[in-house]
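To start, the structure under review is shown below, and the notes come after it.
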Amino acid sequence: MKVVVVGAGIVGLATAARLAARGDEVVVVEKEDDVARHQTGRNSGVIHSGLYYRPGSLKARLGRAGAESMSLFAREHGVAVETCGKLVVAVDEGERARLDVLAERAVANGVPARRVSTAEAREHEPEVSCVAALRVESTGIVDYRGVCGVLADQVRAAGGRLRTGTRVMGVTHDTTGLRVQVTGRDGDEMVRADAMVACAGLYADRLARTCGVRVDARIVPFRGEYFELTPDAAERVHGLIYPVPDPRFPFLGVHLTRMVHGGVHAGPNAVLALAREGYTWRDVSLRDLRDELSWPGLWRLGARNLVPGAREVARSASRRLFAASLARLVPGIGPEDLVPAPAGVRAQALARDGSLVDDFLIARGPRQVHVINAPSPAATASLEIARHLVDELDRGLVRGA
Ligand SMILES: Cc1cc2nc3c(=O)[nH]c(=O)nc-3n(C[C@H](O)[C@H](O)[C@H](O)COP(=O)(O)OP(=O)(O)OC[C@H]3O[C@@H](n4cnc5c(N)ncnc54)[C@H](O)[C@@H]3O)c2cc1C
């Protein structure tokens with residue numbers, strides 16, 4: 001079977017590698033000139049343990065299995081990886097209860113996590129500030145770009161093609177298959193295929209709509225801005241230090257992450273980006289803005305979250321406020337310890353009622369599977385998401401969908 005895979009982020013490449021390995025003819029179509037140019041190449045580099053997610057959800061199941069398969073894959077293929085563990089810290093008495101809830105969730109998700117005292121937390125992180133902490137040994141750090149390089153090689157080695165600098169514009173279908181409209185260096189072209197798997201990240205919903213697949217959610221781009229700690233300040237952090245998440249805003253909360261190639265990343269915050277690939281405040285796309293602002297879900301989300309939203313914008317504008325958030329975790333970190341680092345933009349699906357789509361979300365069309373929502377921990381879970389997508393594709397083809 002000939003399959004077009006849209007997007008050479010980690011989800012697309014993992015899917016393409018899986019299809020190619022079983023003998024399908026695979027063409028990966030990527031609009032950028034190289035792989036992993038967007039979310040995958042700009043993330044925190046963490047292999048999440050599967051701690052936070054609603055038990056039974058795709059995130060919990062695929063995230064937990066993915067943590068194991070990703071570590072194994074990286075080790076087998078010589079990609080930099082380390083299972084360094086992490087500390088989730090309650091910095092005041094008010095956060096203790098939330099830490100208890102997280103500890104229960106760890107049990108429900110089968111993630112080995114241990115409550116530790118302040119003294120034991122300081123054996124791992126001598127400078128951390130906390131009244132209690134959760135130690136998760138299975139969390140790791142990895143080079144996701146390196147993983148993508150290996151996956152791309154696997155696709156090619158199995159006879160697949162990577163067409164970079166080429167954008168999928170839409171698709172039509174008839175009884176014999178799909179006609180995928182692409183445009184690239186050589187102009188417009190029509191590629192015939194038996195099926196398509198779209199892993200288009202920040203453009204997932206838009207591509208699905210142009211392919212005739214109905215999706216009642218809109219991708220809203222949230223930029224995550226990072227700093228790097230100066231080398232002196234970095235010595236104060238040994239591994240990964242996370243705040244207890246607020247269940248109302250699960251992806252808010254800056255953390256400290258030692259990166260697998262050295263250095264410590266601090267962040268990310270979360271501000272609404274003014275373009276889907278808007279990596280700075282200067283990146284503005286009128287089309288993307290119109291898309292965001294015309295979605296009722298965004299206004300509902302905004303109305304419910306004025307205060308935390310304003311706090312994130314203030315932190316974006318002030319290095320002092322950013323440092324103050326970090327100093328809650330490791331006292332003494334100041335603005336002078338921070339060096340700006342490249343930002344990433346999260347593709348977060350937002351429902352019409354203003355709720356963030358929490359789980360991974362997949363939509364189907366005739367001979368097509370579209371990944372609509374694949375936020376964190378989708379990099380961790382990517383090899384398992386790929387397995388799931390291939391199953392979905394096969395089931396759809398059997399049913400004739
Ligand atoms: C700031 C940040 C921190 C994160 N930290 C972590 C972490 O530590 N651990 C973790 O597990 N996850 C993390 N994540 C989440 C993780 O990075 C993403 O879930 C994952 O990378 C999604 O991969 P993807 O392949 O779906 O998307 P992407 O990597 O965004 O790839 C999508 C690709 O599709 C291409 N594309 C789009 N439209 C078209 C088209 N029409 N034609 C051709 N190509 C197209 C794009 O150019 C892009 O290359 C983080 C994300 C962000 C933004």
Side-chain angles (χ1 to χ4, degrees), residues 4-16 27-50 52-53 59 62-63 66-67 70 86 139-142 144-145 147-148 151 162-171 180-184 196-208 210-211 219 221-226 240 242 251 254-255 257 259-260 265 267-271 273 276-277 279 341-349 360-362 370-386 389:
V4 168
V5 175
V6 190
I10 200 163
V11 176
L13 288 170
T15 307
V27 183
V28 180
V29 182
E30 166 57 52
K31 65 182 171 59
E32 304 295 342
D33 287 336
D34 202 354
V35 304
R37 280 294 169 89
H38 292 290
Q39 296 177 90
T40 301
R42 292 169 165 269
N43 66 22
S44 299
V46 176
I47 299 182
H48 289 294
S49 55
Y52 303 106
Y53 318 114
K59 269 189 179 175
L62 305 183
M70 182 54 66
K86 85 169 169 186
T139 305
I141 48 179
V142 69
Y144 282 121
R145 283 176 197 250
V147 170
C148 286
L151 290 168
L162 242 79
R163 293 188 58 173
T164 53
T166 307
R167 184 186 289 265
V168 171
M169 305 302 288
V171 71
V180 184
Q181 200 66 45
V182 305
T183 181
M196 184 173 94
V197 183
C199 311
L202 286 152
Y203 289 96
D205 59 332
R206 201 179 279 173
L207 182 64
T210 50
C211 293
I219 293 292
F222 287 101
R223 186 170 57 250
E225 294 159 330
Y226 288 98
L240 273 56
Y242 277 61
F251 66 64
V254 294
H255 43 84
T257 309
M259 303 299 277
V260 78
H265 252 191
N269 63 352
V271 291
R276 293 206 177 197
E277 291 168 356
Y279 294 107
V345 180
R346 304 171 181 87
Q348 173 63 54
F360 299 146
L361 178 66
I362 291 156
H370 288 253
V371 178
I372 304 297
N373 195 47
S376 186
T380 302
S382 51
L383 298 169
E384 305 303 320
I385 296 176
L389 292 175

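We count ligands from 1, going down the list as the structure has it; atoms in each ligand are counted the same way.
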Quiz item: Quick one: which ligand 1 atoms are inside 4.0 Å of a heavy atom on V29?
Solution: 43 (C), 44 (N)
Self-check item: Closest approach of any protein heavy atom to atom 38 (N) of ligand 1, naming residue and atom
Solution: A200 CB, 3.6 Å
Quiz item: So which bit of L13 gets within less than 4.0 Å of ligand 1, heavy atoms only: side chain, backbone, both or neither?
Solution: neither
Quiz item: What do you reckon, does G201 have a nitrogen or oxygen under 3.5 Å from a nitrogen or oxygen of ligand 1?
Solution: no
Quiz prompt | Positive for side chain to side chain contact (heavy atoms under 4.5 Å, CB included) with M169, one of T210, V182, T183 | solution = T183
Exercise. For the pair T380 (side chain) and V46 (backbone), establish whether a donor and an acceptor sit closer than 3.5 Å, ignoring hydrogens and angles.
Key: yes
Quiz item: At under 4.0 Å between heavy atoms, which part of S376 makes contact with ligand 1: side chain, backbone, both or neither?
Solution: both
Quiz item: Is ligand 1 under 4.0 Å from a heavy atom in the side chain of S382, in the backbone, in both, or in neither?
Solution: neither
Self-check item: Under-4.0 Å heavy-atom contact with ligand 1, by part of R37 that carries it
Solution: neither
Quiz item: Would you find a donor on one side and an acceptor on the other, under 3.5 Å apart, between the side chain of R42 and the backbone of A343?
Solution: yes
Practice problem: Using distance alone, determine whether I10 and ligand 1 share an N or O pair under 3.5 Å. | Solution: yes
Self-check item: Check ion pair R276-D205 (N to O, under 4.0 angstrom)
Solution: yes
Practice problem: Distance to 0.1 Å, residue and atom name: give those for the protein heavy atom nearest to atom 30 (O) of ligand 1. | Solution: Q39 NE2, 3.1 Å
Quiz item: Any N or O of V11 that comes nearer than 3.5 Å to an N or O of ligand 1?
Solution: yes
Exercise. Give a yes or no answer on whether the side chain of E30 reaches the backbone of E32 with a donor-acceptor pair at less than 3.5 Å.
Key: yes
Quiz item: How far is atom 31 (O) of ligand 1 from its nearest protein heavy atom, and which residue and atom is that?
Solution: G9 CA, 3.4 Å
Practice problem: Check each atom of ligand 1 against the heavy atoms of G45 and keep those under 4.0 Å away; list them by number with element. | Solution: 8 (O)
Quiz item: Within the structure, does V168 bring an N/O atom to less than 3.5 angstrom of an N/O atom in ligand 1?
Solution: yes
Self-check item: Contact atoms of ligand 1, heavy-atom distance to Y144 under 4.0 Å
Solution: 11 (O)
Quiz item: Any nitrogen or oxygen of E32, main chain or side chain, under 3.5 Å from a nitrogen or oxygen of ligand 1?
Solution: no
Exercise. Below 4.0 angstrom from a heavy atom of A374, which ligand 1 atoms are there? Numbered from 1 as shown, please.
Key: 18 (C), 19 (O), 22 (C)
Practice problem: Answer yes or no: is there a donor N or O on one side and an acceptor on the other, between the side chain of T166 and the main chain of G184, under 3.5 Å? | Solution: no
Quiz prompt | P375: numbered ligand 1 atoms lying under 4.0 Å from its heavy atoms | solution = 19 (O)
Quiz item: Which of the numbered atoms in ligand 1 are below 4.0 angstrom from a heavy atom of T166?
Solution: 43 (C)
Self-check item: Atom indices of ligand 1, in the order listed, that fall short of 4.0 Å to a heavy atom of R346
Solution: 52 (C), 53 (C)
Exercise. For ligand 1, note which part of T257 has a heavy atom under 4.0 Å away: side chain, backbone, both or neither.
Key: neither
Exercise. Tell me which protein heavy atom sits closest to atom 6 (C) of ligand 1, plus the residue, atom name and distance to 0.1 Å.
Key: N43 CB, 3.6 Å
Self-check item: Contact check: T40 vs ligand 1, nitrogen or oxygen atoms, below 3.5 angstrom
Solution: yes
Quiz item: Can you say whether the rings of H48 and Y242 are parallel (under 30°), tilted (30 to 60°) or perpendicular (over 60°)?
Solution: perpendicular
Quiz prompt | Worked check of side chain to side chain contact (heavy atoms under 4.5 Å, CB included) between E277 and V345 | solution = CA-CA 7 Å; E277 291 168 356; V345 180; over 6 Å; no
Quiz item: Can you find an N/O atom of Y226 closer than 3.5 Å to an N/O atom of ligand 1?
Solution: no
Self-check item: Donor-acceptor pair between S44 and Y144 side chains, under 3.5 angstrom
Solution: no
Quiz item: Would you say ligand 1 has an N or O under 3.5 Å from any N or O of T380?
Solution: yes
Exercise. Please could you name the atoms of ligand 1 that V345 approaches to less than 4.0 Å, counting only its heavy atoms?
Key: 53 (C)
Practice problem: Starting from atom 35 (C) of ligand 1, locate the nearest protein heavy atom and write down its residue, its atom name and how far away it is, to 0.1 Å. | Solution: E30 OE1, 3.2 Å
Exercise. Considering only non-hydrogen protein atoms, determine which one is nearest to atom 34 (O) of ligand 1 and report residue, atom name and distance to 0.1 Å.
Key: G7 CA, 3.3 Å
